[in-house]
Participant: 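Mind looking over this structure? Questions follow.
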2 protein chains.
Amino acid sequence: MTTPPDPRPASQRIADDLRAAIDSGDIAPGERLPTTRQLVARYGVTAETVRQAVLRLKSAGVVTSRQGGGVYAREQLPLKRLGIQRYDKAKWRDRGEVAFIADRVVSGREYNRNDQTQVVSRLPASRAVAAGLGVPEGTEVVSRARLVKEAGVPTHTLTSYYKVQHVEGTRLEDPTPGPAGKGGGFGVFLELGLEPHQMTEELYARMPTPAESAELELPAGEPVMVLHRTTYTADGTVIEYAVGVHSASRFSWEYNFLIPDSAAGDSHAQ
Amino acid sequence: MTTPPDPRPASQRIADDLRAAIDSGDIAPGERLPTTRQLVARYGVTAETVRQAVLRLKSAGVVTSRQGGGVYAREQLPLKRLGIQRYDKAKWRDRGEVAFIADRVVSGREYNRNDQTQVVSRLPASRAVAAGLGVPEGTEVVSRARLVKEAGVPTHTLTSYYKVQHVEGTRLEDPTPGPAGKGGGFGVFLELGLEPHQMTEELYARMPTPAESAELELPAGEPVMVLHRTTYTADGTVIEYAVGVHSASRFSWEYNFLIPDSAAGDSHAQ
DNA sequence: TAGTGGTCTAGACCACTTC
DNA sequence: AAGTGGTCTAGACCACTAA
């Protein structure tokens with residue numbers, strides 16, 4: 001009897017073998033894989049073919065490599081769960097906390113002021129921003145672009161857009177690193193008599209652009225989660241439109257809601 | 001004066017050029033890229049190097065290739081927006097519709113009965129399922145695994161888990177393809193006196209496993225969105241725990257909510 | 001059947017890390 | 001300095017698509 005031929009290309013077969021070793025735990029997360037030369041010897045192929053195999057694993061986000069260093073099974077970081085509760089009014093209204101910091105404390109993580117850098121600027125509204133804020137395209141708006149890190153590693157960007165007449169002269173136009181003072185951005189709106197009351201969040205995933213990949217220092221094969229958030233006052237005025245780009249492996253979003261019943265006069269959209 | 005050396009490897013440079021052409025619209029979505037041989041001539045590199053460049057674009061989900069066919073800029077399908085409204089009680093309670101179909105009709109898409117295949121079975125609860133349903137690990141549960149297609153192309157899988165005592169003998173254990181009769185799964189629970197009332201949805205993204213990649217016929221570089229959905233009755237009984245795996249480029253999720261206020265006696269978690 | 005993309009080899013050189 | 005991964009060439013062969 002003869003062995004049936006393996007239809008897979010050699011680089012795929014090697015990649016599958018390595019992935020199986022990782023999935024089964026034979027190679028633990030963070031552990032080093034065999035060197036290229038070792039795999040060359042084991043499989044009887046050239047170094048280039050081994051490199052192709054490892055490339056497949058990198059594209060799939062299974063391993064990371066450092067030139068000269070080695071190839072390592074990627075650590076699986078625990079997902080940070082983000083619930084609607086992170087926006088709780090009691091935090092920023094009564095206790096002057098900043099929503100995202102409180103969230104981080106809950107999950108037992110460190111916070112350093114330098115973990116958030118930001119660039120504040122005025123610019124004409126792009127089509128997406130205009131739609132989000134409900135202003136004509138090209139209207140001058142204030143943007144506040146943050147890059148958030150955790151223990152020195154970038155986790156996500158969050159760019160907020162505001163109407164000029166809302167935030168002119170407030171702390172939100174202050175480019176000092178770190179959150180915008182007592183209560184964060186929401187605290188500012190509270191003081192302005194524009195209390196945040198309702199939100200819409202839209203989520204989707206895609207592969208990063210090269211620029212995002214560089215800014216967030218994403219490993220190969222890491223997708224990003226894009227969040228579009230619109231914040232309204234009780235009378236329906238849009239006070240903030242924000243776009244976040246998150247390293248996908250670090251976050252998950254949780255929403256809790258009552259099933260809507262349009263036949264029951266449940267007027268406010270759920 | 002001399003040209004400063006380009007630090008990028010040639011394959012990266014070529015990939016960047018092609019991506020720029022696609023992003024700028026010079027190469028429209030669905031349009032064919034230059035052939036390998038043409039790029040070899042244009043850049044003065046070998047076919048292998050061009051292939052590496054194209055490989056980068058495939059990993060990034062920017063292009064698709066068919067052996068012998070050519071390389072094409074990937075079509076950007078419009079995202080299908082999923083709002084909380086898709087669960088509206090009026091649909092499945094009063095009009096006997098199935099939530100996801102109504103959703104599809106809204107977005108103007110076709111629906112065919114064969115667009116949903118399913119496998120119903122009984123099995124012991126895995127750790128995740130046990131946690132989701134609130135039963136001990138290993139308890140026998142009913143699973144209903146669907147593969148949903150649109151115009152013949154798989155878009156997502158959705159596997160629901162139910163407690164045996166809830167669905168024993170109901171339409172939900174009927175393996176016939178297509179939704180579970182009038183009002184879908186929710187309709188069944190309504191008839192049983194277990195009216196769905198509240199939900200929790202958790203969302204995150206990752207790269208697909210090889211199995212998911214095959215089942216959903218995902219192009220290289222396409223991430224998946226994972227949805228965990230738990231459905232409760234008004235008294236807090238869990239009636240369904242479902243896990244969905246979605247081709248990320250086809251869906252986005254939208255949530256609309258009031259900002260919670262834990263200091264205002266707002267007891268039901270939003 | 002001609003043209004396309006996909007895979008692999010053998011060998012070279014480079015950049016980086018580790019010691 | 002030795003070892004590691006990363007890139008590229010030149011050439012070959014294969015699998016698939018389209019005319």
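Below, read A as the first sequence line, B as the second, and so on, with proteins coming before strands; counting in each chain starts at 1.
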Participant: Can Ser247(B) and Thr155(B) be counted as having a side-chain donor-acceptor contact under 3.5 angstrom?
Facilitator: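 Distance-only check fails for Ser247(B) and Thr155(B).
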Participant: What I want to check is whether the side chains of Ser143(B) and Arg122(B) have a donor and an acceptor closer together than 3.5 Å.
Facilitator: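 Checked: Ser143(B)/Arg122(B) side chains show no N/O donor-acceptor pair below 3.5 Å.
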Participant: If the condition is side-chain hydrogen bond (donor to acceptor under 3.5 Å, both in side chains), which residues does Tyr72(B) pass it with, not counting sequence neighbours?
Facilitator: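 Result, side-chain hydrogen bond (donor to acceptor under 3.5 Å, both in side chains) vs Tyr72(B): none returned.
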Participant: Does anything in residues 207-222 of chain A reach DNA chain D, meaning a heavy atom under 4.0 Å, and if so which residues?
Facilitator: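 Within residues 207-222 of chain A, no residue comes under 4.0 Å of DNA chain D.
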Participant: Let me know the distance between CG of Leu39(B) and P of dG3(C), rounded to the nearest Å.
Facilitator: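 In whole Å, dG3(C) P lies 17 Å from Leu39(B) CG.
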Participant: Determine, for Arg229(A) against Glu240(A), whether the closest basic-nitrogen to carboxylate-oxygen distance falls under 4.0 angstrom.
Facilitator: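 The answer is yes: the pair qualifies as a salt bridge.
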Participant: Taking OH from Tyr72(B) and P from dG5(C), how many angstroms apart are they, rounded to a whole number?
Facilitator: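 Taking atom P of dG5(C) as the reference, OH of Tyr72(B) is at 9 Å.
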Participant: So, Tyr255(B) versus Glu201(B): side-chain donor-acceptor pair below 3.5 Å or not?
Facilitator: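 The criterion, which ignores hydrogens and geometry beyond distance, is satisfied for Glu201(B) and Tyr255(B).
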Participant: Hey, can you tell me if His246(A) and His156(A) have their rings parallel, tilted or perpendicular (30° and 60° cut-offs)?
Facilitator: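 Rings of His246(A) and His156(A): parallel, under 30°.
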Participant: Could you check Thr35(B) against Arg37(A) and say which one's nearest nucleotide on DNA chain C is further toward the 5' end?
Facilitator: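 Of the two residues, Thr35(B) wins.
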Participant: Does a nitrogen or oxygen in the side chain of Thr49(A) sit under 4.0 Å from OP1 or OP2 of dT9(C)?
Facilitator: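 Affirmative; the distance criterion is met.
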Participant: Expressed as a whole number of angstroms, how long is the span from Arg13(A):CZ to dC8(C):P?
Facilitator: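 Taking CZ of Arg13(A) and P of dC8(C), I get 11 Å after rounding.
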Participant: Is it true that Glu222(A) and Arg74(A) make a salt bridge, defined as a side-chain N closer than 4.0 Å to a carboxylate O?
Facilitator: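 Yes.
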Participant: Quick check for you: to the nearest 0.5 Å, what is the distance between Arg250(A) atom CZ and Lys80(A) atom NZ?
Facilitator: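 Answer for the CZ-NZ pair, Arg250(A) versus Lys80(A), is 9.0 Å.
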Participant: Does OP1 or OP2 of dG11(C) have a side-chain N or O of Thr46(A) closer than 4.0 Å?
Facilitator: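 For dG11(C), neither OP1 nor OP2 has a side-chain N or O of Thr46(A) closer than 4.0 Å.
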Participant: For the pair made of CD in Glu48(A) and C1' in dA10(D), what is the distance, rounded to whole Å?
Facilitator: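 Taking atom C1' of dA10(D) as the reference, CD of Glu48(A) is at 13 Å.
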Participant: Whole angstroms only, please: what is the CZ-C1' distance between Arg32(B) and dT4(C)?
Facilitator: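 After rounding, the reported distance stands at 7 Å.
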Participant: Would you say Arg146(B) and Ser160(B) are linked by a side-chain donor-acceptor pair, where the criterion is simply a distance under 3.5 Å?
Facilitator: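 Result is yes, a qualifying pair exists.
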Participant: Rounded to the nearest angstrom, tell me the gap between atom CZ in Arg8(A) and atom P in dT7(C).
Facilitator: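 Spelled out: CZ on Arg8(A) to P on dT7(C) is 13 Å.
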Participant: Nearest to the Thr36(A) side chain among dC8(C), dG5(D), dT9(C), which nucleotide is it?
Facilitator: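 Closest nucleotide to the Thr36(A) side chain: dG5(D).
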Participant: Pull out every residue in residues 51-70 of chain A that has a heavy atom closer than 4.0 Å to any atom of DNA chain C, ordered by number, or say none.
Facilitator: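 Contacting residues: Arg56(A), Arg66(A), Gln67(A), Gly68(A), Gly69(A).
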